Amino acid sequence: MEALLKKFFTPSKKVIADKAKYPEETIKEVEERLKQCQMKIYRGLQRIDKGRLGIPIYISLYDVEGTAITGNYKQMGKGVSDILSQASALMELVERFSLFSFHRRAKDEGILSTFEELGDKAIPWDIFLQSVEDQEDEKTKKVSLKLLKKVPFYFVPALEVRTKQVKYLPFHWFWLIYEYNGSAGGNTYPEASVQAICELIERHTNALSIRINQPMPAIKRESIKGPSEELLKCYERVGIHLWIRDMTYGMPVPTIAVMAMDPSTFPERSEIVYAAGTATSPERALIRALTEVAQLAGDFDTEGKYVESGLPKFANLDEAKVITDFTYEINLSDLPNLSSDNHLEELIALSQAMKERGYEVYLIDIEEENLKLPAVYAIIPGILFRERTVIPYLYQLVRTLSLYLPAEENLKILEEILKEIDNKYYVWAYYGNALKALFRFDEAIIAYEKALLLEPTVPDMVALFTQLADAYFKRGEWDKVIEVCDRALNLGEIPELYNLLGRALYKKSDFASALQAFLRATELDPSSAIDYANAGYCLKALNLLPPAEIFFRKALALDPNLTIAKKGLEYCENILQNKN
């Protein structure tokens, strides 16, 4: 307890750009830690912008173990200067690696218990229940609330910032809602904490803007001065149109939304880019928004497409009328300002201001034991995050338990639920998963088919078809797998479907079609070593050994321990060497 309080409540003076250390110090310290670490986490930094905007964008590249743990091969960083952007990219890598490492060890560091057993040690019940927006019928809610107190969760310690108390909260429950959102690395714990909290507030205001779907106040151009104006001029210099809006919605710190469009390259070489930034001061919030737009835009001269996250993408300005219009104009300085020259003062003020608005702030220490660099995961029950928070308690319960309970125990709980609630597709879906894990494939298929009859949402229908196809695959019914995958792909694309489709086609010796499926899987998930290896085996079967060798090497670059890729590469090398 004392050690935790010392980490989070030690003063943290700012020296530059809301940071407690100069970026040169940050880069030196972090790279030294990464080099000293016994794990292969980091390969280096790379600048990726073309220089057209003059806003530097860097990526930090994971090494093999970093990719294996995070499921990614890079992280992006941004800043008003080259060195700040480098430090940002490096700290993003630390943040994600720390979080995904913590996720892996949450079972070891957590306490497997229940709300009833933990009592006052757990996060307060009413605060916990704010975490999702249950819109189910009263009977379903009643069953859910009864079960929620009795079922086992892995509880991890979290600092309740306002009270300086440690409370235990169910990690996997919140992980399914937040994933990497709300995580941050920093030079100090208060610095990382303020950033993490602001990120969650940004997600909240993004969600509110989508729900409200009305024009927002505009920020007067003449009120923007200092570093943010210098960034603004980078856009104006090349003729990019900007719409700058106040998206704060009554939160204690400002959120600024920026939409940008380059009429000289749109739509052939650029997109309309829409992003937001939240910080303790209006100036920093605008800087975050402007650099985020630059990060997504590819200098407004690229063949690439950015993936929408907290805010929607607009195909044209007619679709974006809610942004191009505005309610009234305000000065940048009119927005809330909780900034201080000390991160600790900001952290304390933020937690109090959030409580006044009905939110309690919790922070989990996710420091990775090999790196020993400050990293935190913020939890604010009741904060919105797109559609993720609109989920019944019962749905969130069954999908949380599926992450860690043995299939036999999970099955018992699901059977107990089905005795009272048998008309929810998500219960039948997870019942099918538990049956499949126990190799009861016939029963699993029946459960999935029942779930599909109960009108699941389209994304859940795609997931259900994927599980159904997997059950048929495990029964060796290749034609059924192909049929189910084709039905699902009419609704949406996910890499798991193409993996199953490719494997079924391979089993039927249709290697060319299987290759196309695996290639599409790698397009959707570039970190999927197994699909690169699968593509390699298709090429090997087609006697195209040189390209097969390339794919096996790519798979091993992502996962050096992938046995099938090692065997495939060894075969190709032996045959090609003998030919030479």
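Predicted, not measured: the structure shown is a model, and the values here were computed from it. Index from 1, following the sequence.
Side-chain contact between K146 and E420 is present, with heavy atoms from C-beta onward closer than 4.5 Å. Taking 4.5 Å as the limit, every side-chain heavy atom of F8 sits out of range of all side-chain heavy atoms of L344. Contact of the I364 side chain with the F102 side chain is registered, since non-hydrogen atoms from C-beta on lie closer than 4.5 Å. At a threshold of 4.5 Å between non-hydrogen side-chain atoms, the residues M251 and M354 count as touching. A heavy-atom distance below 4.5 Å is found between the side chains of E95 and Q195. In this structure, K355 and E360 have side chains that are in contact, with non-hydrogen atoms separated by less than 4.5 Å. Side-chain contact between R162 and V361: absent, with no pair of heavy atoms (C-beta onward) separated by less than 4.5 Å. The shortest side-chain heavy-atom distance between I446 and L435 does not fall under the 4.5 Å cut-off.
By the side chain to side chain contact (heavy atoms under 4.5 Å, CB included) test, L454 is found to be paired with Y425, W428, residues two or more places apart in sequence or in another chain being considered. Not counting sequence neighbours, the partners of L129 by the side chain to side chain contact (heavy atoms under 4.5 Å, CB included) test are W125, L145, L148, Y393. Residues forming a side chain to side chain contact (heavy atoms under 4.5 Å, CB included) with T522 (at least two apart in sequence, or on another chain): D531, Y532. With sequence neighbours left out, the side chain to side chain contact (heavy atoms under 4.5 Å, CB included) criterion links L311 to N206, S209, M247, Y274, A276. Partners of F174 by ring-ring contact (aromatic ring centres under 6.0 Å, His included), not counting sequence neighbours: none found.
Residues D365 and K7 approach most closely at OD2-NZ, 2.6 Å, considering heavy atoms. Minimum interatomic distance between K436 and F441 (heavy atoms only, all atoms of both residues): O-CE2, 3.6 Å. Between A106 and V156, the shortest heavy-atom contact is O-CG1, 4.3 Å. Here the shortest heavy-atom pairing between T278 and T255 reads OG1-OG1, 2.6 Å. Here the closest non-hydrogen pair linking M216 and I323 is CE-CD1, 3.9 Å. Residues S131 and I177 share a closest heavy-atom pair of O-CD1, 3.9 Å.
Checking side-chain atoms of R288 against main-chain N and O of I256 turns up no donor-acceptor pair under 3.5 Å. Remark: the backbone N or O of S12 is paired with a side-chain donor or acceptor of H343 at under 3.5 angstrom. For the pair S527 (side chain) and Y73 (backbone), a donor-acceptor distance under 3.5 Å is absent. A donor-acceptor pair is defined here as one N or O able to donate and one able to accept, closer than 3.5 Å; such a pair exists between the side chain of E346 and the backbone of S340. Looking only at distances, a side-chain donor or acceptor of R357 sits under 3.5 Å from a matching main-chain atom of G250. For E117 (side chain) and T114 (main-chain N/O), a donor-acceptor pair under 3.5 Å exists by modelled atom type. Side-chain atoms of E191 come within 3.5 Å of backbone N or O of N187 as a donor-acceptor pair. A donor-acceptor pair is defined here as one N or O able to donate and one able to accept, closer than 3.5 Å; no such pair exists between the side chain of K141 and the backbone of Q135. Side chain of R245 to backbone of T324: a donor-acceptor contact under 3.5 angstrom is found. Q75 places no side-chain N or O within 3.5 Å of a backbone atom of A89 that could act as its donor or acceptor partner.
We find that K424 and E136 are joined by a salt bridge, their nearest charged nitrogen and carboxylate oxygen being less than 4.0 Å apart. We find that E523 and R520 are joined by a salt bridge, their nearest charged nitrogen and carboxylate oxygen being less than 4.0 Å apart.
For the atom pair CG (L394) and CD (Q396), the distance works out to 10.5 Å, reported to the nearest 0.5 Å. Distance check: W175 CH2 to S183 OG gives 8.0 Å after rounding to the nearest 0.5 Å. Note: R105 CZ to I366 CD1 = 8.0 Å, rounded to the nearest 0.5 Å. For the atom pair CG of L464 and CE of M461, the computed distance is 8.0 Å after rounding to the nearest 0.5 Å. E368 CD to I69 CD1: the interatomic distance, rounded to the nearest 0.5 Å, is 7.0 Å. Between L93 atom CG and S60 atom OG the span is 4.0 Å, to the nearest 0.5 Å.
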| message | Between T466 and E496, does the side chain to side chain donor-acceptor pair (under 3.5 Å) criterion hold? Intermediate values first, please. | response | CA-CA 7 Å; T466 305; E496 293 84 357; over 6 Å; no

| message | If you apply the rule side-chain contact (heavy atoms from CB on, under 4.5 Å), what do you find for K121 with F155, and how did you get there? | response | CA-CA 10 Å; K121 292 181 180 179; F155 287 85; over 6 Å; no

| request: Could you check K150 against E116 for salt bridge (Lys or Arg N to Asp or Glu O under 4.0 Å), going step by step and ending with a plain yes or no? | output: CA-CA 6 Å; K150 295 180 178 179; E116 282 187 346; 5.4 Å; no

| task | Under the salt bridge (Lys or Arg N to Asp or Glu O under 4.0 Å) rule, what do E416 and K419 come out as? Steps first, then yes or no, please. | result | CA-CA 5 Å; E416 182 183 340; K419 288 175 185 176; over 6 Å; no

| field | Steps toward side-chain contact (heavy atoms from CB on, under 4.5 Å) verdict (R388, E179) | value | CA-CA 10 Å; R388 289 192 184 193; E179 199 179 12; 3.8 Å; yes

| query | Given L397 and I413, is the side-chain contact (heavy atoms from CB on, under 4.5 Å) satisfied, shown in steps? | reply | CA-CA 10 Å; L397 171 67; I413 293 172; 5.6 Å; no

| Derivation and outcome, side-chain contact (heavy atoms from CB on, under 4.5 Å), residues L500 and D470 | CA-CA 7 Å; L500 282 162; D470 183 58; 3.9 Å; yes

| field | Derivation of the side chain to side chain donor-acceptor pair (under 3.5 Å) call for T389 and E133 | value | CA-CA 6 Å; T389 57; E133 302 169 89; 2.8 Å; yes

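Side-chain atoms of T248 and D246 form a donor-acceptor pair, as typed in the model, at a separation below 3.5 Å.
Enclosure of atom OH in Y249 by more than 12 non-hydrogen atoms of other residues, nucleotides or ligands within 6.0 angstrom is indicated. Within 6.0 Å of the CG atom in N490, the count of heavy atoms belonging to other residues, nucleotides or ligands exceeds 12. No more than 12 heavy atoms of other residues, nucleotides or ligands shown are found within 6.0 angstrom of NZ on K450.
The ring-ring contact (aromatic ring centres under 6.0 Å, His included) contacts involving residues 394-417 comprise Y154-Y404, H172-Y404, Y395-Y426, where partners must be two or more places apart or lie in separate chains.
Using cut-offs of 30° and 60° on the angle between ring planes, the pair Y178 and Y377 is perpendicular.
A salt bridge (charged side-chain N to carboxylate O under 4.0 Å, His left out) with K313 is found for one member of E271, E319, E308 and no other, namely E271.
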